[in-house]
Amino acid sequence: MIKIVVIHGPNLNLLGLREPEVYGALNLQQINDRIQELARREGLEVRIHQSNSEGVIVDHIHAALEWADAIVINPAAYTHTSVAIRDAITAVRLPTVEVHMSNVHRREPFRHHSYVSPVVVGQVVGFGPESYTLGLLAAKRTVEEQRR
Ligand code: DQA
């Protein structure tokens with residue numbers, strides 16, 4: 001069975017409440033339920049974490065090494081600032097998919113740069129909660145291709 005860790009970054013615990021015009025009305029639990037529903041349909045084992053702290057996110061990436069075949073991560077604001085998260089992804093060498101609910105490229109210029117993008121397999125941006133499910137499918141396909 002393919003095992004995938006999903007990591008949500010800072011402020012994503014406030015989804016539903018936070019800028020619903022940008023991120024939509026679903027809260028994090030509802031998004032996680034959708035992720036687990038897709039995981040069941042696709043025969044994936046998925047563990048989900050959320051943290052507002054950069055170091056804790058780095059620890060979750062390190063811990064993925066013990067268990068996961070791939071990572072799906074929305075580093076949220078740390079996307080645009082964190083060399084530590086980028087280095088952690090590089091260090092563990094697990095195929096990683098970067099997701100963003102909003103289309104960061106249509107927003108403020110500071111959101112256009114991602115420290116993470118150069119070290120991931122690919123990016124899914126702009127599909128709201130579906131960015132996560134599309135990201136999960138992309139991660140699954142990447143692992144399947146690696147195993148072929
Ligand atoms: C986000 C985009 C980031 O720029 C922002 O800081 C977030 C969420 C997204 O999912 O669209 O917190 O990663």
Side-chain angles (χ1 to χ4, degrees), residues 1-39 44-143 146:
M1 185 180 272
I2 294 175
K3 295 172 179 166
I4 298 175
V5 169
V6 176
I7 302 171
H8 302 285
N11 300 307
L12 297 173
N13 54 312
L14 295 183
L15 286 173
L17 195 77
R18 173 190 181 205
E19 300 178 84
E21 64 288 357
V22 178
Y23 300 113
L26 295 188
N27 64 34
L28 190 60
Q29 187 55 57
Q30 291 167 320
I31 290 173
N32 289 344
D33 289 346
R34 286 187 176 198
I35 292 170
Q36 291 294 7
E37 205 177 289
L38 179 73
L44 303 168
E45 196 176 337
V46 172
R47 291 184 187 171
I48 306 176
H49 305 285
Q50 188 276 329
S51 178
N52 294 322
S53 148
E54 186 177 21
V56 173
I57 293 170
V58 168
D59 289 340
H60 284 310
I61 295 168
H62 292 180
L65 201 50
E66 301 299 313
W67 180 80
D69 300 302
I71 299 171
V72 172
I73 185 166
N74 182 351
Y78 289 136
T79 306
H80 319 299
T81 63
S82 181
V83 176
I85 290 174
R86 174 198 173 119
D87 284 353
I89 293 168
T90 306
V92 299
R93 292 164 169 257
L94 288 170
T96 299
V97 177
E98 175 185 0
V99 308
H100 299 284
M101 298 179 69
S102 64
N103 181 349
V104 283
H105 304 291
R106 276 169 55 174
R107 300 181 64 194
E108 304 94 320
F110 70 85
R111 296 185 204 274
H112 298 177
H113 177 259
S114 164
Y115 277 97
V116 166
S117 291
V119 299
V120 298
V121 178
Q123 233 190 1
V124 181
V125 307
F127 295 97
E130 294 308 318
S131 290
Y132 286 103
T133 46
L134 293 168
L136 205 63
L137 291 173
K140 180 192 179 206
R141 217 175 81 174
T142 305
V143 174
Q146 264 184 357

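Keep in mind that what you see is a predicted model, and the values were worked out from it rather than measured.
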Would you say Thr133's side chain and Glu130's backbone share a donor-acceptor pair under 3.5 angstrom?
yes
Do Arg107 and Val22 pass the side chain to side chain contact (heavy atoms under 4.5 Å, CB included) test, and can you show the C-alpha distance, the side-chain angles, and the key distance before you say yes or no?
CA-CA 10 Å; Arg107 300 181 64 194; Val22 178; 3.8 Å; yes
Is the backbone of Ala63 close enough, under 3.5 Å, to the side chain of Glu66 for a donor and an acceptor to pair up by distance?
no
Measuring from Leu28:CG to Leu17:CG, what's the distance to the nearest 0.5 Å?
12.5 Å
Output yes when a side-chain donor or acceptor of Asp69 lies under 3.5 Å from a complementary backbone atom of Ile2, and no otherwise.
no
Should Glu98 and Ser114 be marked as a side chain to side chain donor-acceptor pair (under 3.5 Å) after you check the CA-CA gap, both sets of side-chain angles, and the distance that decides it?
CA-CA 10 Å; Glu98 175 185 0; Ser114 164; 3.0 Å; yes
Gap between atom NE2 of His60 and atom NE2 of His49 - 0.5 Å precision:
5.0 Å
Should Tyr132 and Ile31 be marked as a side chain to side chain contact (heavy atoms under 4.5 Å, CB included) after you check the CA-CA gap, both sets of side-chain angles, and the distance that decides it?
CA-CA 8 Å; Tyr132 286 103; Ile31 290 173; 3.7 Å; yes
Distance-only, no hydrogens or angles: does the Asn52 side chain make a donor-acceptor pair with backbone N or O of Asn11 under 3.5 Å?
yes
So Phe110 and His80, would you call those rings parallel, tilted or perpendicular, with 30° and 60° as cut-offs?
perpendicular
Is there side-chain contact between Ser102 and Val104, with heavy atoms separated by less than 4.5 Å?
yes
Short question: side chain of His100, backbone of Gly128 - any donor-acceptor pair under 3.5 Å?
no
About how many Å separate CZ of Phe127 and CE of Met101, when rounded to the nearest 0.5 Å?
12.5 Å
Indicate yes or no for a side-chain donor-acceptor contact from Glu45 to the backbone of Ile4 under 3.5 Å, with no hydrogens or angles considered.
no
Side chain to side chain donor-acceptor pair (under 3.5 Å) test vs Asp33 passes for just one of Gln36, Gln29, Gln30, namely Gln29
Over all atoms of both residues, closest heavy-atom pair of Gly9 and Ala76
C-CB, 4.0 Å
Indicate yes or no: does Arg34 engage Glu37 in a salt bridge with an N to O separation below 4.0 Å.
no
How close do Ser82 and Glu54 get, counting heavy atoms only, and between which atoms?
OG-OE2, 2.5 Å
When rounded to the nearest 0.5 Å, the distance separating CG of Leu15 from NE2 of His8 is 8.0 Å
Before giving the answer on side chain to side chain contact (heavy atoms under 4.5 Å, CB included), spell out for Ile61 and Ile71 the whole-Å C-alpha distance, their side-chain angles and the decisive distance to 0.1 Å.
CA-CA 8 Å; Ile61 295 168; Ile71 299 171; 4.0 Å; yes
Criterion side chain to side chain contact (heavy atoms under 4.5 Å, CB included) on Arg106 and His112, from CA distance to verdict
CA-CA 8 Å; Arg106 276 169 55 174; His112 298 177; over 6 Å; no
Heavy-atom pair with the smallest gap, counting every atom of Pro75 and Pro10:
O-CD, 3.5 Å
Is Leu44 close to Lys140 at the side-chain level, that is, under 4.5 Å between some pair of heavy atoms?
yes
Only distances under 3.5 Å count here; give the side-chain donor-acceptor pairs of residues 89-97 to other protein atoms, sequence neighbours excluded, each with its distance to 0.1 Å.
unit_1	atom_1	unit_2	atom_2	d
Thr90	OG1	Arg86	O	3.0
Thr96	OG1	Leu94	O	2.9

How about Thr79 and Arg111: do any of their side-chain heavy atoms sit closer than 4.5 Å?
no
Straight-line distance of Ile57 CD1 to Asn74 CG, nearest 0.5 Å:
9.0 Å
Work out which heavy atom in Ser131 is nearest to a heavy atom in Val99; give both atom names and the distance.
O-CG1, 3.5 Å
Should the heavy atoms of other residues, nucleotides or ligands under 6.0 Å from CZ of Arg141 be counted, would the total exceed 12?
no
Among Leu38, Val72, Val5, Ile35, whose side-chain contact (heavy atoms from CB on, under 4.5 Å) with Val46 holds?
Ile35
Pairwise side-chain contact, Val6 with Arg47, heavy-atom cut-off 4.5 Å (strictly under)
no
What's the separation between atom OH in Tyr78 and atom OG in Ser51, rounded to the nearest 0.5 Å?
7.0 Å
